[in-house]
Amino acid sequence: MKEFPAFPIPVAVIGPGTQVEDETLQYINMPQGMETFRPPVLPEPEELVGHEQAHLALRDVLACLGATRSDGRNRSIDLTRLPAEDLKLINQVMGEGEVSAQVRTEGDAAHHVAVQESVFAGVWRVIVSDNGSVLSDTIEVGAIPQVLRTSAADDLWFTVPRWQGALPPNVQNAPALLAEIEDQWRGWKPGKPAHVVNLTLLPMSNEDIGFMDHHLGTGRVLILSRGYGNCRITNTRVPNTWRVVYYNSQDVVILNTVEVTALPEVAMAAKEDLEDSFERLTEVLAWVEGD
């Protein structure tokens, strides 16, 4: 059975009460821009000739999109052995979208997983490396890459830590919130709407938030979304529970939450996104192949 470290005090945290307020009320700036579809920067027509493997891979991506938008199942295309010039063409076509992620390594482990959504929502690049050497390079089509789901599931504690004895100084509301969150994740079932605890609106001290995060734990999955402002998502060490923090364009926290759900919706591509990506990639592929 895993042993849990003693709760550290003080804890540097983000959220309500972490900023010293002046006597004059000052409103923070809200996010100024929203990410929209940006067409990929495509090469000149003469540069497209002779890259049949890249063309085949892009056709496979389009076929996977067509199937996944119907049944919702993830599908992958292996790029690991693609020639460098073909891979360059695919990189240009795919571009970089608004969501990226990684599975962080622990200790001296060199195994690393990097995820980048393309400009086509629901089309992801997943690269697994070890000591800088690429082990696998795939394009995965789906709401979110499966490796993020499985890694979050692998992070779960065997036993949820319990606090015994008197609470630390200034910890008042965290225990009640932890009880509410535990009730939600223990009763969670697939398809159940997300249960969101908005810490920004609650009277939480720094110690409250530190105590809560200590008892939820922090997993290895980190997801960043730039769809509207910036959003940082991390898995906890209890089932189907995530820390979701939103920042404005000046990196000031505007919303600090705990979400009990399979995966936060802000990180995932919706069915409508897959439909839109299918149409856009169809147009781009027609141009690439000179149709």
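Reckoned from all heavy atoms, side chains included, excluding hydrogens, waters and symmetry mates.
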Handout entry: Check: Gly122 main-chain N/O paired with Glu117 side-chain donor or acceptor under 3.5 Å
Key = yes
Exercise for the section: Could you give me the CA-CA distance, side-chain angles and deciding distance for Val160 and Val238, then say whether side-chain contact (heavy atoms from CB on, under 4.5 Å) is met? Expected result: CA-CA 7 Å; Val160 179; Val238 298; 4.1 Å; yes
Handout entry: Value rounded to 0.5 Å, distance of CG in Asp86 from CG in Asn91
Key = 11.0 Å
Practice task
Could you check if a side-chain atom of Phe120 sits within less than 4.5 angstrom of a side-chain atom of Phe278, using non-hydrogen atoms only?
Solution key: no
Fill in the blank from the handout: What one should report as the nearest heavy-atom pair of Ser70 and Gly66 is OG-O, 3.3 Å
Problem - Asn256 and Arg243: side chain donor to acceptor below 3.5 Å - result: yes
Completion exercise
Residues at least two apart in sequence or cross-chain that pass side chain to side chain donor-acceptor pair (under 3.5 Å) with Arg186, listed by chain then number, are Glu182
Completion exercise
To the nearest 0.5 Å, atom NE2 of His195 lies from atom CH2 of Trp185 at 14.0 Å
Practice task
Taking the side chain as every heavy atom from C-beta outward, state whether Asp276 and Asp273 have any atom pair closer than 4.5 Å.
Solution key: no
Practice task
Please round to the nearest 0.5 Å and tell me the distance separating atom CG of Asn240 and atom CD of Gln184.
Solution key: 11.5 Å
Problem - Check: Trp188 side chain, Gly191 main-chain N or O, donor-acceptor pair, under 3.5 Å - result: no
Practice task
Evaluate the side-chain contact (heavy atoms from CB on, under 4.5 Å) criterion for residues Val119 and Arg280: first the C-alpha distance (whole Å), next the side-chain angles of each, then the deciding distance (0.1 Å), finally the verdict.
Solution key: CA-CA 10 Å; Val119 294; Arg280 294 183 184 278; over 6 Å; no
Practice task
Look up atom CD in Gln53 and atom CG in Leu79, then write down how far apart they are to the nearest 0.5 Å.
Solution key: 10.5 Å
Problem - Arg81 vs Asp137, salt bridge (charged side-chain N to carboxylate O under 4.0 Å, His left out): CA-CA, chis, key distance, verdict - result: CA-CA 9 Å; Arg81 291 181 171 80; Asp137 182 352; over 6 Å; no
Problem - Nearest non-hydrogen partners of Ser277 and Ala121, listed with the distance - result: OG-O, 2.7 Å
Practice task
Not counting sequence neighbours, which residues clear side chain to side chain donor-acceptor pair (under 3.5 Å) with Arg75? List them please.
Solution key: Thr68, Asp71
Exercise for the section: Give the intermediate values and the outcome of side-chain contact (heavy atoms from CB on, under 4.5 Å) for residues Ser151 and Val113. Expected result: CA-CA 10 Å; Ser151 297; Val113 179; 5.9 Å; no
Kindly list each side-chain donor-acceptor pair under 3.5 angstrom involving residues 258-269, sequence neighbours excluded, with atom names and distances?
none

Handout entry: Sub-4.5 Å side-chain heavy-atom contact between Val99 and Gln116
Key = no
Handout entry: Distance, nearest 0.5 Å, that separates NZ of Lys88 from CD1 of Ile90
Key = 13.5 Å
Practice task
Decide yes or no for Leu135 and Ser129: does some side-chain heavy atom of the first lie under 4.5 Å from some side-chain heavy atom of the second?
Solution key: no
Practice task
Provide the closest heavy-atom pair for Phe211 versus Pro168 in the form atom of the first, atom of the second, distance.
Solution key: CE1-CD, 3.9 Å
Handout entry: Ser118 side-chain N/O to Val123 backbone N/O, donor-acceptor pair under 3.5 Å
Key = yes
Exercise for the section: Answer yes or no: is there a side-chain heavy-atom contact under 4.5 Å between Thr234 and Arg220? Expected result: no
Handout entry: Non-hydrogen side-chain atoms of Leu281 and Leu65 separated by less than 4.5 Å
Key = yes
Handout entry: Arg59 side chain vs Ala54 backbone, donor-acceptor pair below 3.5 Å
Key = no
Practice task
Could you tell me whether a side-chain N or O of Trp124 sits under 3.5 Å from a main-chain N or O of Gly142, the two making a donor and an acceptor?
Solution key: yes
Problem - Shared hydrophobic cluster for Met94 and Ile127 (ILVMFWY, side-chain gaps under 4.5 Å) - result: no
Practice task
Give a yes or no on whether the backbone of Ala67 and the side-chain of Arg73 come within a donor-acceptor separation of less than 3.5 Å.
Solution key: no
Practice task
Kindly write out the residues that satisfy side chain to side chain donor-acceptor pair (under 3.5 Å) with Thr80, not counting sequence neighbours, or none if the list is empty.
Solution key: Asp78
Problem - Sequence neighbours excluded, every pair satisfying side chain to side chain donor-acceptor pair (under 3.5 Å) that has a member inside residues 164-173 - result: none
Handout entry: For Asp251, side chain to side chain donor-acceptor pair (under 3.5 Å) partners two or more places apart
Key = none
Exercise for the section: Give a yes or no answer on whether the side chain of Asp60 reaches the backbone of Ala57 with a donor-acceptor pair at less than 3.5 Å. Expected result: no
Handout entry: Transitive ILVMFWY side-chain link Val134 to Val115, under 4.5 Å
Key = no
Handout entry: Single hit among Leu222, Thr257, Ile223 for side chain to side chain contact (heavy atoms under 4.5 Å, CB included) with Ile233
Key = Ile223
Practice task
Give a yes or no on whether Leu56 and Ile139 share a hydrophobic cluster (residues Ile, Leu, Val, Met, Phe, Trp, Tyr; joining criterion: side-chain heavy atoms under 4.5 Å apart).
Solution key: no
Handout entry: Heavy-atom side-chain proximity of Asp183 to Ile181 below 4.5 angstrom
Key = no
Handout entry: Lys/Arg N to Asp/Glu carboxylate O, Arg226 vs Glu98, below 4.0 Å
Key = no
Handout entry: Under 3.5 Å donor-acceptor, Thr236 side chain and Trp242 backbone
Key = no
Practice task
Check the side chains of Ser205 and Asp208 for a donor-acceptor pair under 3.5 angstrom, ignoring hydrogens and angles.
Solution key: yes
Exercise for the section: Consider only side-chain heavy atoms of I, L, V, M, F, W and Y, link residues closer than 4.5 Å, and tell whether Ile254 and Val196 are in one cluster. Expected result: no
Exercise for the section: List the steps and the verdict of side-chain hydrogen bond (donor to acceptor under 3.5 Å, both in side chains) for Asn74 and Glu140. Expected result: CA-CA 7 Å; Asn74 282 31; Glu140 187 169 342; 2.7 Å; yes
Problem - Criterion side-chain contact (heavy atoms from CB on, under 4.5 Å) on Thr138 and Arg125, from CA distance to verdict - result: CA-CA 6 Å; Thr138 61; Arg125 191 71 167 274; over 6 Å; no
Practice task
Consider only side-chain heavy atoms of I, L, V, M, F, W and Y, link residues closer than 4.5 Å, and tell whether Val61 and Leu285 are in one cluster.
Solution key: yes
Practice task
Find the distance between CG (Leu82) and CD1 (Ile77) and round it off to the nearest 0.5 Å.
Solution key: 11.5 Å
Exercise for the section: May I ask you to decide whether Asp155 forms a salt bridge with Arg237, counting only side-chain N to carboxylate O separations under 4.0 Å? Expected result: no
Practice task
Measure the shortest side-chain to side-chain distance between Leu202 and Val197 over non-hydrogen atoms and say whether it is less than 4.5 angstrom.
Solution key: yes
